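Have a look at the structure below, then the notes.
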Amino acid sequence: MVTSGVVPSMLEVMDRTCIRAVDDMLRADLDRNAQALLVARSDAGGAAALDEIAELTRLCEAAGADLVHSTADPAEGDLLLAARRAALPALERLGDVLLDDVAVPRSRVATFIDGCDAISAQYDLVIGVMGHAGDGNMHPTIVFDGADQEQRARAVAAFDAILELGLSLGGTITGEHGVGTLKADWLEREIGPVSADVHRSIKDALDPSGLLNPGKVLRRRPSATA
């Protein structure tokens, strides 16, 4: 879509799990059998906006979309945006959530969603995927019972499987929310030991006493004499 020269102001996606959770919460009459819902918006004015939406419609149909609907009615557009924004609250109604942040090339978004569906089945957990299709930044969300230690362990294992899937598709372990402590061990897997050592060297030069956020993302390597 972007390579065609059409750059919508917004391009969001959510998978079937999110669609059904949102429909249960909002009673929005969404297509519960759709594999995914893609929501695009044009902020161009007048005839330019109509032309851009027409081209977006053509591109979606050419890509195999089963149903493409466009509207110039702001109220109807707001309803579609409300459905996308309700994805996380709708999943949170189902239990505790572990929200991930993985970015993949735009051309691999559909493959990533399918992969998360397979991980959901493998670990017997609800996993909904929503995200920013325009830049490939996805937010897979794992639903589990936080009071159940076995479920919690499966959720963490599914989290790792999703990160591995993202990297295998040429992506990155984070798109906008940072590495955090849960992904600290994955950082070096993505950037490699040489790059990790460069980061450590910079931190050591700026923070020789290790006072800033100690023991978190950039963990010190054990010394050779330790």
Side-chain angles (χ1 to χ4, degrees), residues 10-41 60 65-67 69 78-148 150-169 171-178 180 182-183 186:
M10 184 195 71
L11 191 63
E12 296 288 299
V13 67
M14 59 183 187
D15 71 351
R16 180 165 54 197
T17 299
C18 291
I19 292 170
R20 291 180 175 180
V22 169
D23 196 51
D24 288 340
M25 185 174 76
L26 298 182
R27 305 297 178 188
D29 196 27
L30 300 175
D31 183 354
R32 298 176 64 88
N33 293 318
Q35 189 69 19
L37 172 64
L38 185 69
V39 181
R41 181 172 69 184
C60 288
D66 295 323
L67 174 64
H69 173 71
D78 287 344
L79 287 175
L80 290 171
L81 291 180
R84 164 61 184 90
R85 289 168 178 156
L88 179 57
L91 291 174
E92 289 175 328
R93 294 172 74 236
L94 305 180
D96 298 297
V97 298
L98 183 55
L99 177 63
D100 208 339
D101 170 36
V102 181
V104 296
R106 290 186 295 262
S107 61
R108 309 307 298 275
V109 166
T111 304
F112 180 77
I113 290 175
D114 288 342
C116 287
D117 196 41
I119 292 170
S120 172
Q122 177 183 353
Y123 290 95
D124 192 24
L125 293 167
V126 172
I127 301 177
V129 182
M130 68 203 83
H132 317 305
D135 61 9
N137 190 29
M138 299 289 103
H139 299 301
T141 304
I142 304 166
V143 181
F144 66 103
D145 180 356
D148 185 325
E150 190 272 337
Q151 273 200 38
R152 180 181 290 274
R154 276 192 282 130
V156 172
F159 183 91
D160 286 341
I162 290 171
L163 292 177
E164 186 170 3
L165 171 64
L167 290 180
S168 74
L169 296 175
T172 176
I173 61 171
T174 181
E176 59 184 355
H177 292 168
L182 275 177
K183 298 181 182 179
W186 284 86

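Treat the numbers as computed from the prediction; the structure is a model and nothing was measured.
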Between V22 and M130, does the side chain to side chain contact (heavy atoms under 4.5 Å, CB included) criterion hold? Intermediate values first, please.
CA-CA 11 Å; V22 169; M130 68 203 83; over 6 Å; no
For residues 83-97, which side-chain N or O atoms pair as donor and acceptor with protein atoms under 3.5 Å away, sequence neighbours left out?
unit_1	atom_1	unit_2	atom_2	d
R84	NE	E12	OE1	2.9
R84	NH2	E12	OE1	3.0
D96	OD2	G146	N	2.6

Those residues at least two apart in sequence (or on a different chain) that pass side chain to side chain contact (heavy atoms under 4.5 Å, CB included) with A34 are I19, D31
Across all chains, not counting sequence neighbours, the side-chain hydrogen bond (donor to acceptor under 3.5 Å, both in side chains) partners of R32 are D23, D24
Residues passing the side-chain hydrogen bond (donor to acceptor under 3.5 Å, both in side chains) test with D15, sequence neighbours excluded, are none
Side chain to side chain contact (heavy atoms under 4.5 Å, CB included) filter on A65, not counting sequence neighbours, yields C60, V68
The complete set of side-chain hydrogen bond (donor to acceptor under 3.5 Å, both in side chains) pairs with one or both residues in residues 109-131, sequence neighbours excluded, reads none
Sorted by chain and number, sequence neighbours left out, salt bridge (Lys or Arg N to Asp or Glu O under 4.0 Å) with R154 holds for E150
Side-chain contact test, heavy atoms from C-beta onward, threshold under 4.5 Å: evaluate it for I127 versus I162 and give yes or no. yes
Residue set satisfying salt bridge (Lys or Arg N to Asp or Glu O under 4.0 Å) with E176, at least two apart, ordered chain then number -> none
task: Could you tell me whether D78 atom CG has more than 12 heavy atoms of other residues or ligands within 6.0 Å of it?
output: yes
Review point. Does the Q151 side chain pair with the main chain of D145, one donor and one acceptor, at a distance under 3.5 Å?
Key: yes
Sequence neighbours excluded, the answer for side-chain hydrogen bond (donor to acceptor under 3.5 Å, both in side chains) partners of N33 is R20
Across all chains, not counting sequence neighbours, the ring pair (Phe, Tyr, Trp, His ring centres under 6.0 Å) partners of H132 are H139
